**Q** 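Sharing a structure below in structure tokens format, with a few things to ask.
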Amino acid sequence: IIKNIVLKDFYALTPEKFNNKTNGISHRRFFAEANPTYAKLVTDAIGDGWLKDAFELEKLKEFQNDTEFLKAVGASKRANKERLAAYVKAETGLVIDPNTVFDVQVKRFHAYKRQLMNIMKVMDIYNRRIADPNFHVTPTTFIFSGKAASSYTFAKETIRLINSVAEVINNDARVNEVMKVCFIPNFRVSNAQLIYPAAEISEQISTAGKEASGTSNMKLMMNGAITLGTLDGANIEIADLAAPEVEQLWASNSYFAWDTLNGDRERLGRVMDELKDNTFAGLSGNFESIYNELMNNNDPDLVMADFRSYVDAWEKLTGSYGDQETWNRKALLNTASSGWFSSDRTIREYRDEIWHA
């Protein structure tokens with residue numbers, strides 16, 4: 001982002017002044033301390049050397065075909081889900097089911113992080129379930145948390161929309177056996193340490209090219225969540241792949257939000273209409289400001305453009321949840337590959353390549 005967009009001309013003049021250090025997380029806090037059941041399982045299997053050197057987590061790959069070990073990984077996740085469910089009930093009164101998939105998006109609220117696209121997905125699934133009671137939905141709890149800057153109206157409206165959708169869905173007996181929406185208030189390190197270990201899907205859906213290097217994806221990956229995300233920020237390192245599609249789309253001046261809306265009136269159109277038609281207005285009114293931001297400003301973060309492919313990807317991912325051994329294997333391999341994201345590695349790179357200490 002710095003080289004290609006923000007300081008492109010400066011980089012062209014003096015490229016030697018630029019280098020990248022992907023940030024990291026404290027694996028001792030956000031894994032060892034936050035997830036004691038999983039941490040004990042790991043230590044019992046490979047020893048405690050990983051606490052000092054997170055790259056030793058790679059040794060977990062030796063257990064990827066160990067059926068009993070994978071069952072233990074699943075049991076640890078279940079315990080963490082029950083712990084989070086108890087916290088949610090105590091804090092909000094909402095009862096969430098640990099038997100459902102815990103689909104988690106927790107981070108600062110911003111348009112480019114696209115919490116809006118996530119809740120629009122939930123609205124779409126709700127609509128289809130209401131229209132057809134036989135429409136299959138993998139039972140899921142959609143968990144959101146995070147804060148908005150005090151003057152950031154759009155982000156605050158997105159939080160209000162999430163809570164408004166939750167109010168409707170969680171009180172609708174036609175759907176609330178297979179889906180619930182949970183907004184955890186006052187996101188902070190203490191409750192984050194309950195959320196990360198309980199997550200099964202990690203929502204990392206920022207508009208490609210706008211995320212420098214988020215850390216929630218690292219914390220969730222290390223705790224065994226499966227990433228559903230765009231190729232951006234640290235997700236690129238996770239997948240070791242990148243795509244310039246967004247940059248090409250804007251450069252071509254060929255994207256028009258109205259065309260996208262008109263091309264998908266049945267589902268996207270229904271969701272957009274619900275921002276204005278009182279479907280979710282019960283808490284404190286409609287969401288014309290969100291509708292106008294998307295339509296009048298030509299969907300600047302491509303929420304509508306990516307909507308259908310995103311929902312399709314979510315359905316494919318949750319459709320595989322029934323095969324718990326395979327799911328737990330993916331979770332284990334995520335943890336095994338997460339050592340690179342330790343802040344220890346980041347600091348070593350600063351020491352060796354910048355400070356020359």
Side-chain angles (χ1 to χ4, degrees), residues 1-2 6 19-35 38-39 42 50-55 57-58 80 84 102-115 117-118 143-149 152 155 159 184 186-242 301 331 333-351 353-354:
I1 295 173
I2 294 292
V6 179
N19 66 76
N20 173 69
K21 300 289 172 281
T22 298
N23 55 11
I25 61 170
S26 171
H27 66 284
R28 287 172 287 274
R29 172 175 288 278
F30 289 107
F31 183 22
E33 180 181 322
N35 200 339
Y38 194 15
V42 170
W50 65 274
L51 291 165
K52 183 176 181 180
D53 180 4
F55 283 98
L57 291 170
E58 289 272 350
N80 288 321
L84 180 61
F102 278 16
D103 179 333
V104 172
Q105 187 176 22
V106 289
K107 56 181 66 208
R108 177 172 60 94
F109 270 77
H110 198 287
Y112 82 80
K113 293 181 183 289
R114 297 201 293 190
Q115 288 95 345
M117 187 168 71
N118 190 347
I143 297 171
F144 297 83
S145 196
K147 296 177 179 178
Y152 195 173
I159 293 173
I184 298 176
N186 195 20
F187 185 57
R188 57 200 188 278
V189 169
S190 57
N191 59 18
Q193 291 187 175
L194 302 178
I195 297 169
Y196 295 133
E200 292 174 294
I201 295 177
S202 166
E203 297 274 0
Q204 305 297 333
I205 53 177
S206 297
T207 310
K210 291 194 175 183
E211 184 71 80
S213 182
T215 58
S216 71
N217 48 2
M218 303 174 188
K219 296 163 189 169
L220 288 158
M221 176 192 183
M222 189 170 282
N223 282 280
I226 310 301
T227 302
L228 176 61
T230 48
L231 293 166
D232 196 35
N235 289 351
I236 292 173
E237 277 96 347
I238 290 173
D240 196 25
L241 186 66
D301 290 293
L333 291 174
N334 263 3
T335 303
S337 301
S338 66
W340 194 82
F341 293 105
S342 168
S343 53
D344 294 355
R345 184 268 314 153
T346 309
I347 293 167
R348 280 196 298 269
E349 288 183 354
Y350 272 99
R351 180 198 65 192
E353 300 173 28
I354 295 179

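Everything numeric here is computed off the predicted structure, so don't read it as measured data.
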**Q** Verify whether one side chain among Asn186 and Asn191 offers a donor that lies under 3.5 Å from an acceptor in the other.
**A**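 Per modelled atom types, Asn186 and Asn191 side chains form no pair under 3.5 Å.
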**Q** Please tell me if the side chains of Ile143 and Asp103 come closer than 4.5 Å, counting only heavy atoms from C-beta onward.
**A**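 Of all side-chain heavy-atom pairs linking Asp103 with Ile143, none is under 4.5 Å.
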**Q** Distance only, no hydrogens: is a donor on one side chain within 3.5 Å (strictly under) of an acceptor on the other, for Arg28 and Ser26?
**A**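 The answer is no; no qualifying pair exists.
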**Q** Measuring from atom CG of Asn223 to atom CD1 of Ile195, what distance do you get when rounded to the nearest 0.5 angstrom?
**A**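 Taking CG in Asn223 and CD1 in Ile195, the distance rounds to 11.5 Å.
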**Q** With side chains defined as the heavy atoms from C-beta onward, is the minimum distance between Thr22 and Thr346 less than 4.5 Å?
**A**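 They are not in contact (no side-chain heavy atoms under 4.5 Å apart), so the answer is no.
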**Q** Quick check: closest heavy atoms across Ala225 and Ser202, and the distance to 0.1 Å?
**A**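 So the minimum-distance heavy-atom pair works out to CB-CB, 3.9 Å.
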**Q** Between Tyr38 and Thr335, do the side chains contain an N or O donor and an N or O acceptor separated by less than 3.5 Å?
**A**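 Yes - a donor-acceptor pair under 3.5 Å links their side chains.
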**Q** For Arg29 and Gln193: C-alpha separation, side-chain torsions, deciding distance, then whether side chain to side chain donor-acceptor pair (under 3.5 Å) applies.
**A** CA-CA 8 Å; Arg29 172 175 288 278; Gln193 291 187 175; 3.1 Å; yes
**Q** Would you say the ring centroid of Trp50 lies under 6.0 angstrom from that of Phe31?
**A**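 They qualify: ring centres under 6.0 Å apart.
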**Q** Mind checking whether Thr227 and Ile201 have side chains closer than 4.5 Å, heavy atoms only?
**A**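 Counting from C-beta outward, Thr227 and Ile201 never come under 4.5 Å.
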**Q** Apply salt bridge (Lys or Arg N to Asp or Glu O under 4.0 Å) to the pair Glu353 and Lys21, showing each step before the final yes or no.
**A** CA-CA 10 Å; Glu353 300 173 28; Lys21 300 289 172 281; 3.0 Å; yes
**Q** Do Lys147 and Phe187 form a cation-pi contact, if we require the NZ or CZ to be under 6.0 Å from the six-membered ring centre and within 45 degrees of the ring's axis?
**A**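 The answer is no, since Lys147 fails at least one limit relative to Phe187.
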**Q** Taking all non-hydrogen atoms of both residues, which atom of Gly24 and which atom of Thr215 are closest, and how far apart?
**A**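 In terms of heavy atoms, the two residues are closest at O-CG2, 4.3 Å.
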**Q** Before accepting this row, confirm whether a basic side-chain N of the pair Arg345/Asp53 lies closer than 4.0 Å to the acidic partner's carboxylate O.
**A**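 The answer is no: the pair does not qualify as a salt bridge.
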**Q** Heavy-atom distance under 4.5 Å between the side chains of Met218 and Ser338, does that happen here?
**A**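 The answer is no; the side chains never approach within 4.5 Å.
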**Q** Atom CZ in Phe30, atom NZ in Lys219: separation rounded to 0.5 Å?
**A**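 Reported to 0.5 Å precision, the distance equals 4.0 Å.
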**Q** Are side-chain N/O atoms of Ser337 and Glu58 paired as donor and acceptor at under 3.5 Å?
**A**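 Short answer, no.
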**Q** Which heavy atom of Ala331 sits nearest to which heavy atom of Gly224, and what is that distance?
**A**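 Between these two residues, the closest heavy atoms are CB-O, 3.1 Å.
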**Q** How long is the straight-line distance from CG of Asp301 back to CZ of Arg114, given to the nearest 0.5 Å?
**A**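 Output value for this atom pair is 7.0 Å.
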**Q** For the atom pair CG (Leu84) and CG (Leu194), what is the distance rounded to the nearest 0.5 Å?
**A**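 Interatomic distance, Leu84 CG to Leu194 CG, rounded to 0.5 Å: 6.5 Å.
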**Q** Nearest 0.5 Å, please: how far is CG in Asp344 from CG in Leu51?
**A**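 With rounding to 0.5 Å, CG (Leu51) is 10.5 Å from CG (Asp344).
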**Q** Got more than 12 heavy atoms from elsewhere within 6.0 Å of CZ, Arg351?
**A**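 More than 12 within 6.0 Å, yes.
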**Q** Under 4.5 Å between any side-chain heavy atoms of Ile159 and Phe109, yes or no?
**A**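 Result yes, sub-4.5 Å side-chain heavy-atom pair found.
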**Q** For Ile205 and Leu228, work out which heavy atoms get closest and say how close.
**A**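 Closest heavy-atom pair between Ile205 and Leu228: CG2-O, 3.7 Å.
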**Q** Contact between Phe144 and Ile184 at the side-chain level, heavy atoms closer than 4.5 Å - yes or no?
**A**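 No; the side chains remain at least 4.5 Å from each other.
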**Q** Could you tell me whether Lys107 and Glu203 have a side-chain N and a carboxylate O separated by less than 4.0 Å?
**A**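 Salt bridge between Lys107 and Glu203, a charged N being under 4.0 Å from a carboxylate O: no.
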**Q** Measuring centre to centre across the rings, with the benzene-like ring taken for any Trp, is Tyr152 within less than 6.0 Å of His110?
**A**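 Aromatic pair counts; centres sit under 6.0 Å.
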**Q** Give me the atom names and distance for the closest heavy-atom approach of Ala199 to Val104.
**A**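 Ala199 and Val104 have their closest heavy atoms at CB-CG2, 3.5 Å.
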**Q** First locate atom OH of Tyr196, then atom CG of Leu220, and finally report the distance between them rounded to the nearest 0.5 Å.
**A**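 Rounded to the nearest 0.5 Å, the OH-CG separation comes out at 6.5 Å.
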**Q** Under 3.5 Å, side chain of Gln115 to main-chain N/O of Ser145, donor-acceptor pair present?
**A**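 The answer is no, because no donor-acceptor pair under 3.5 Å joins these two groups.
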